[in-house]
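Worksheet: the structure to be examined is printed underneath.
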There are 2 protein chains.
Amino acid sequence: MKENLQPDDILPSEAVLVDMFGVSRYTVREALALLEQDKILYKIHGKGTFVNKVPIQVESGLEKLESITDIIESFGYKPGTVWADIKESLPTRDMIQKMKLKPKEKVITFTRIRTADGKIAAYCVDTIKRSNIVGDIPKNIDKESMFEYFEENFGIVPEYAIADIIPVLPTEEMKKHMDIKESQLFLLLHQVHYDKEGHPQIYSMDYFNPDIFKFKVNRLRHY
Amino acid sequence: MKENLQPDDILPSEAVLVDMFGVSRYTVREALALLEQDKILYKIHGKGTFVNKVPIQVESGLEKLESITDIIESFGYKPGTVWADIKESLPTRDMIQKMKLKPKEKVITFTRIRTADGKIAAYCVDTIKRSNIVGDIPKNIDKESMFEYFEENFGIVPEYAIADIIPVLPTEEMKKHMDIKESQLFLLLHQVHYDKEGHPQIYSMDYFNPDIFKFKVNRLRHY
DNA sequence: CAGTGGTCTAGACCACAAG
DNA sequence: TTGTGGTCTAGACCACTGC
């Protein structure tokens, strides 16, 4: 059997794979479906199953929801946090609307300055409902990744997010806590994270330093 | 049977649906999988299948490749063009690399200032290979949509694009042609468009006015 | 424990592509 | 017509949830 598959090589037919691996056709098709989803294979009805070009393996872009820690690591940097703050407050009008809060419902805001190899990478402000936290407000964040922290402590598991992308200059708050130039541009990802059921879970404003992050999006013409 | 399904209502179990419709469980599951893909339903292992909220029907974001004309229209504005220019030139180093050009291969650059309801919306620079054009270089662009123009005149049909998202201040070129403030922020979509076979077709730098465009991305945790 | 969705087998027929 | 992938049936066992 050929080991080094080339682009557009044809795979053995499903019937053959069934014999080769001694599993049912359903199982074969499930496996191929996964590889097809990852754009490693493509199928043509009546012809066969083929190997895709490798460069189609587009590097993942913004359309994939990842923790900032993972993003920093995927750029080859070492993630860090140089400052963090946890505050209880009343929500802004925008939070009330997007998070579907009751007008007087308290929220908790986690603010952190993230670094990549020690350089300022992002200013992250994440807000969740007060009611997500049982008991006292935590004094510090014991995880690098906010996603892990929210999941393990409060059972918040974001499944998808809708992000507004906005070019901005630093806010007063940011200048207070970070040593940056007045004219330093940031890319603000203003997003709401939702759980599997579609309930808003996290309201976040992440300001990314474009000198560190090169954000990509894969854009498709047809769905 | 209940007709008006509410969010988070539970659906009959797969076994029940099998009896109800007299089909196999495979068929039931295929149907549910489609509805789940469209985020109309969600499943929880061991519990059941539930109805999602309607507003989850997320509006399309940057992950969908559309012409700027369509984007302007989808925001409810009337698209227009106040200035256009067509030039032949040698490619930049970045173009050579990303478009896989021969070093001395000529390119054609189309520059346009797009408006939405008359307000400055975007500064668009699209570059294609000289060899895409048979005969003389056109003097003007007879379409509002660049995608339509490229397709009808040169047979260029972009299928997907990879975009870098960069916050920027206006370039000298932009200030020369547009009446804008020095400090006006723009969102640059620096992108390469590819055809179905994965060959680079269009190299474009689109500078969007964030006062007009509210760019969104739908971000998914898992694929 | 019972009931749910997740995975799998074994077999059938249909729809499409190419000689 | 042959061989491919696409759809479907009927049945089984597993993994998770909640009582």
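Protein chains get the first letters and strands the later ones, always in sequence-line order, with residue 1 at the start of each.
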Atom pairs, protein N/O to nucleotides 17-19 of chain C N/O, distance under 3.5 Å:
residue	atom	partner	partner atom	Å
C:dA18	OP1	A:Lys47	NZ	2.9

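In the model, B:His193 has no side-chain atom that pairs as donor or acceptor with a side-chain atom of B:Tyr160 under 3.5 Å. Side-chain polar atoms of A:Glu144 and A:Thr81 form a donor-acceptor pair below 3.5 angstrom.
Note on B:Thr49: a side-chain N or O is less than 4.0 Å away from OP1 or OP2 of C:dG5.
Nearest nucleotide to the B:Arg29 side chain, out of C:dG5, C:dT9, D:dG5: C:dG5. Closest to the side chain of B:Ser13, from the set D:dG5, C:dT4, C:dG6, is C:dT4. The side chain of B:Tyr26 approaches D:dT9 more closely than any other nucleotide in the set D:dT9, C:dT4, D:dG5. Out of C:dC8, D:dC8, C:dG5, the shortest distance to the side chain of B:Ser24 is found at D:dC8. When distances run from any side-chain atom of A:Thr27 to the nucleotides C:dG5, D:dG5, C:dT9, the shortest one goes to C:dT9.
Between A:Glu30 atom CD and C:dA10 atom C1' there is a gap of 16 Å when expressed in whole angstrom units. Rounded to whole Å, the distance from CD on B:Glu14 to P on D:dC8 is 15 Å. One can place CG of A:Leu32 at 13 Å from C1' of D:dT4, the figure rounded to the nearest angstrom. In this structure, CG of A:Asp19 is placed 13 Å from C1' of C:dA10, rounded to the nearest angstrom. Residue A:Leu41 contributes atom CG, which lies 11 Å from atom P of D:dG5 at whole-angstrom precision. Protein atom CZ of A:Arg25 is 11 Å distant from nucleotide atom C1' of D:dG3, rounded to whole Å. Note: NZ (A:Lys43) to C1' (C:dC16) measures 14 Å, nearest angstrom. The CD atom of B:Glu36 sits 17 Å away from the P atom of C:dT4 (whole-angstrom rounding).
Checked against B:Tyr203 for a side chain to side chain donor-acceptor pair (under 3.5 Å), the options B:Asp94, B:Asp126, B:Thr127 give a single hit: B:Asp94. Test A:Val23, A:Thr27, A:Leu32 against A:Leu17 for side-chain contact (heavy atoms from CB on, under 4.5 Å) and you get one pass: A:Leu32.
Aromatic ring centres of A:Phe213 and A:Phe75 lie closer together than 6.0 Å.
Salt bridge absent: A:Glu105 and A:Arg130 never bring a charged side-chain N and a carboxylate O closer than 4.0 Å.
Within the model, atoms OH of B:Tyr149 and CD1 of B:Ile156 stand 10.0 Å from one another, a figure rounded to the nearest 0.5 Å.
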